[in-house]
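All values derive from a computational prediction rather than experimental measurement. Chain letters run A, B, ... following the sequence lines, proteins first, then strands; residues in each count from 1.
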Amino acid sequence: MEQRKLFKGKRTRTPGGEIIVRLSGVRKRYDSDTLALDGVDLEVRAGEFFSLLGPSGCGKTTLLRILAGFEEPDAGRVEIAGNDMQGVPPYRRPVNLVFQNYALFPHMNVFDNIAFGLRMKRLAGDEIRARVGWALELVDIQGLERRRPHELSGGQRQRVALARALVNEPEVLLLDEPLGALDYKLRKQLQVELMNLQEELGLTFVYVTHDQEEALVMSDRIAVMRGGGIEQLGLPEALYERPASRFVAQFLGTSNLIPARSTGKREVETPLGRLRVGEDLVPGKDLTLSIRPEKLRLSRQESAAPNRVRARVDDIIYTGAENQYLLDASGFELVAYTLNSDIQEPGYEEFDYDEEVVVHLPEENLVVIHE
Amino acid sequence: MTTRRWLSLHGALVLLFLYLPIAVIVVLSFNESKYGVAWHGFTLKWYRQLLAHTRIHPYVWNTLIVAAVSTFVSTILGTLLALGLSRFRFPGRNGLLFLLYIPVVIPDVVMGVSLLLFFAWVQHAVSALHLGLTTVILAHISFQIAYVTLVVKSRLAGLDPSLEEAAADLGAHGWARFWKVTFPLIAPGIAAAALLAFTLSLDDFVITFFTAGPGATTLPIYIFSSVKRGVTPEVHALSTLMILVTTLVLIAVQRVQTRR
Amino acid sequence: MNKRASWKQLLPTLGPGALWLFVFTLIPTLLIFYASFLQRDPHGWLGGPLTLENYRRFLGLTSEGFDPIYLRILGRSLLLGFVTTLVSVLIGYPFAFFIAGSPRKNLLLLLVVLPFWTNFLIRVYAWIVIFQRKGVLNALLGYLGFDPVMLYPSWTAVYVGTIYTYLPFLILPLYASVEKIDWTLLEAAYDLGAGRIQGFWHAIFPQTLPGLVAGVLLVFIPAVGTFVISDLLGAGKAILIGNVIQQQFGASRDWAFGSAAAFVLMAVVLTGLWLYARWAGERGMEELV
């Protein structure tokens, strides 16, 4: 419930702060044949929840480590809060990192862990106590000050790691898959708390994750990475609704990818037959059409209208919230989702195995990918 | 089931094999009879005689001095080496590792005579380093350093690198980072390495045998020469005392480890 | 780890230790090699000119013909090393499993560690007490009505003493491997139709190999190089390569020949080490396929 509200809330907010992180042409190579980053350009605005999303090995962690200062780029420029970070070591950067495995100091208790950064800045004892107290309250772990990390649960450790970074009031908070080690329910809960925290404090988050759902739920903007480069960058709904590549279409959610060849201004030839699309094309080009399974409309009624194809129900998967139909459209496989809550609505139809159905692929939902 | 039985039987026999000789010495050290193994009654007189021998005192003293000084130096040098080897890549790293393994893999006798030759050669050339306690200490450091380095290095290898990164991320660098984060985390490894080095030194006979000069007799050297002279109840008593000390130290070490 | 370091970082950490190893390990080792080509001078010290005489002598090529006494001694040492290693493996391998499977493994481990840390002269000495003419063994045999046996000094005593001394060196690293065994692999092997022997050989044995290799090296190397055990339990009659070296640097005072013998021993051990690493490496490769 609350999650939903926040989700909506974020959509209305347009991050409009000044640019706080700017990467240009950042390149990194570990050894001769693995290119970790291939000329990345990126801008993050103050107050933004910015996610780097991609499969393992896509370069997202390298990018984060470059921001934190653990790696030096081979080429390119990194600016944080208006300053060039060339040669600036991690301990002089105005950023803090929440590590994937938390990296809490096992020989220090919670208080000393959180106070570590403040002590390094040689703040006075009173101020350290006050600020650690504030951080403890912020992440809701008051009373655990004297515990050692091994006496904490996974969720508590995560909160300590967060407090330890936040207490230094970084310009940018870097988070490296901070929820990756937690179970599903706790992860969901902490997603909400992280979003609240980020909004309340007006912090800038650069958040690395391989979990597309997490990125969609939490982020203001997402950069989908692949093979050391940014594949597509934009608002979550833009990435989902208008994927610019087959990779993005498949990595973010599920997609029907249909090979096509443009035949007219708004017409393509596909294995499903002729389809109309919603944008102007140059004829004679090979393309891919992408359509989300939930955008397919299934019906028993024959129709002569465009973008209707016949298919047979091959398999039905019941997932609780929805029915997933695996369809065979004259040899081409399509996936369609229908919501179970529609059961009360007029026009809702359920289909059986081997039943013949008419599939409508609305032209406004057919995304043309120029690949 | 039957496998387990065979293993237990075998295990019991092995333990018997391991402990029978030790038990023989301990029992005989309390035997009234000076010669032979027949039991003539319980006595502590061999212990009294042993402790009355003031000439043993300097041997004990020498052994402890050598062990303490060599352990101190080798622990520092070995820890620094381990830090450098696990942190940095540099030309000649493999060569250094190879040198480090030499004292571990070559037979003691070869290490002993090579150090003897080295000390004699230095003595010949510049008339320094006469065989004595100093040469024994130098020799002990030379094999301890390898063990210390390898133990601390494995501890460092097991250290999560993100802990030091976290320290850097939170503003710590240089010595602050070392003393506040790295050192406390590897301290148990350093302690274990120092304990190993100390015990190796206490126990060493072969290398000491070749590098000790007059006046540098240690306890193992004394035991060797006593044993060569023949079996006596006093040697039984001395051995029993050393076994006792070893046992107490080991139990203490295990207590500390299980508490942690 | 992957940082290429500057001199400023290397000198304070590696400098002192590297210097120490250079002076007290590398130079002495090189000196042995160098001295093995020198000759004994009238004062019992070393002098030129450079010669191969020491190695010729070691190989048995004397002016009076071929007499491979030192090669035979080397062979004896290697035999002692091999037999000790083999027997230790036969005894120690099941024993490591016994400890690992026992509910009192901490106590058992302590029981193995204790002889391991007991001064090895004492452990060797114990066997003199057992084997000597009027020792424990003969007392026992006499009690049972048997004739006494003369095992001290003897090769048997040397073998028993060597095995006794180095057995814990094999058990401890082996146990470390056995304790880490993933037994589900054995279940998987059974599940896939392997018999008991096949299951052990394919699922368990490879997992113990690292500890076994370490243990074998820790037994073989000191056993081949020993001179104390043969000196004490052989009472001067059991001559091994270690005794040759010790005598040349001691009473005989022919350091040049002693250096040659020491170098040969070192070369044999290092070659064995290298061969074994290669063999184990290839085995490791096969296991991967």
Region of A:Phe105 in contact with chain B, defined by heavy-atom distances below 4.5 Å =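 Both backbone and side chain.
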
- Interface moiety of A:Asn168 toward chain B, non-hydrogen atoms closer than 4.5 Å: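 For A:Asn168, side-chain heavy atoms alone lie under 4.5 Å from chain B.
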
Interchain contact, B:Asp169 with chain A, by part (heavy-atom threshold 4.5 Å)
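Both parts, heavy atoms under 4.5 Å.
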
If you take all heavy atoms of B:Ala168 and A:Phe70, which pair is closest and at what distance?
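Residues B:Ala168 and A:Phe70, closest heavy atoms: CB-CE2, 4.2 Å.
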
*Considering all heavy atoms of both residues, which atom of A:Pro106 and which atom of B:Leu163 are nearest to each other, and what is their separation?*
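In terms of heavy atoms, the two residues are closest at CD-CD1, 3.9 Å.
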
In residues 110-137 of chain A, which residues are in contact with chain B at a heavy-atom separation under 4.5 Å?
->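 So far as heavy atoms go, A:Phe116, A:Gly117, A:Met120 are the residues that approach chain B to under 4.5 Å.
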
For residues 178-194 of chain B, which side-chain N or O atoms pair as donor and acceptor with protein atoms under 3.5 Å away, sequence neighbours left out?
unit_1: B:Thr182; atom_1: OG1; unit_2: B:Glu164; atom_2: OE2; d: 2.5

Just give me the residue among A:Met108, A:Arg93, A:Gln100, A:Arg65 that pairs up with chain B most often, heavy atom to heavy atom, under 4.5 Å.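 It is A:Arg65.
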
Q. Looking at residues at least two apart in the chain, or sitting in another chain, which of them share a ring-ring contact (aromatic ring centres under 6.0 Å, His included) with B:His10?
A.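 Not a single residue meets the ring-ring contact (aromatic ring centres under 6.0 Å, His included) criterion with B:His10.
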
inquiry  = Could you work out, with ring-ring contact (aromatic ring centres under 6.0 Å, His included) as the rule, every residue matching B:Phe98, not counting sequence neighbours?
reply    =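 None.
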
* Asked: Less than 4.5 Å apart, any side-chain heavy atom of A:Leu97 and any of B:Ser162?
  ->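 A side-chain contact is absent here, since even the closest heavy-atom pair is not under 4.5 Å.
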
Rounded at 0.5 Å granularity, tell me how far CG in B:Asp160 sits from OH in A:Tyr102.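 Taking CG in B:Asp160 and OH in A:Tyr102, the distance rounds to 13.0 Å.
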
